[in-house]
Amino acid sequence: MLNFLGNRRRLLTLQYLALFEPGTTIEVRHLARVIRGVETGSPPRNVGTADYESAYNGLIQTHLPKIDQRGLVQYDERRKTVTVEESIERYIVLTTLVQFVLSTGRVV
C-alpha cells in the first residue's frame with residue numbers, strides 16, 4: 001500500500017480526483033496541467049509544454065493504470081479520460097496519513 005501511495009504525483013492525482021463526484025469524467029490533458037501546476041506552483045494555464053508532457057506521459061504510462069487497477073477510477077486509455085469511482089473516497093484518509101509520514105518521517 002505504501003508503495004502505491006508513496007508516489008507524490010499519484011497522491012496529488014488521487015486528491016484532485018477525489019474532489020469530484022463519483023461518475024465524473026475528466027480528460028487526462030486537464031489532469032496533467034493541474035497536477036504539474038501544483039508540482040511547480042504555477043497556475044495550470046501557465047504550465048509549459050515540457051512540464052505538461054512530463055506529467056501527461058507519467059499519468060498515462062504509470063499512474064492512471066495503477067489507480068485504475070485499484071478500482072478507484074476507470075481509465076479509458078483510448079479516449080484519454082478518467083472517470084471517478086465511489087471507492088476513491090476511502091483512499092483520501094490514507095493519502096493524508098501517507099503525506100504526514102512522508103513529510104515528517106514519523107509514523108502515527
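The figures that follow rest on heavy atoms only: side chains count, while hydrogens, waters and symmetry mates do not. This structure is a prediction, so every number in the text was calculated from the model and none was measured.
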Among L12, L72, V73, T24, side-chain contact (heavy atoms from CB on, under 4.5 Å) partner for L17: V73
Would you mind reporting whether D76 and T25 have side-chain heavy atoms less than 4.5 Å apart? no
Should I67 and T13 count as side-chain neighbours, where that means a heavy-atom distance under 4.5 Å? yes
Heavy-atom check, side chain of E77 versus side chain of I60, under 4.5 Å: no
Between S87 and G71 the two heavy atoms that sit nearest each other are OG-O, 2.6 Å
If you define the side chain from C-beta out and look only at heavy atoms, does anything of I26 sit under 4.5 Å from T81? no
R10 and T62, any side-chain heavy atoms less than 4.5 Å apart: yes
Which heavy atom of L59 sits nearest to which heavy atom of P65, and what is that distance? O-CD, 3.5 Å
For residues 31-56, pull every pair meeting ring-ring contact (aromatic ring centres under 6.0 Å, His included), keeping only residues two or more places apart or in separate chains. Y52-Y56
Can you give me every donor-acceptor pair (side chain of residues 29-37, partner residue at least two apart or in another chain, under 3.5 Å) with its distance?
unit_1, atom_1, unit_2, atom_2, d
R29, NE, E27, OE1, 2.8
R29, NH2, E27, OE1, 2.9
H30, NE2, Y16, OH, 2.7
R33, NH1, V47, O, 3.0
R36, NE, D51, OD1, 3.4
R36, NH1, E39, OE1, 2.9
R36, NH2, D51, OD1, 3.1

Distance (rounded to the nearest 0.5 Å) between L11 CG and H63 NE2: 10.0 Å
Does the D68 side chain pair with the main chain of L64, one donor and one acceptor, at a distance under 3.5 Å? no
For P22, side chain to side chain contact (heavy atoms under 4.5 Å, CB included) partners two or more places apart: E86, E89
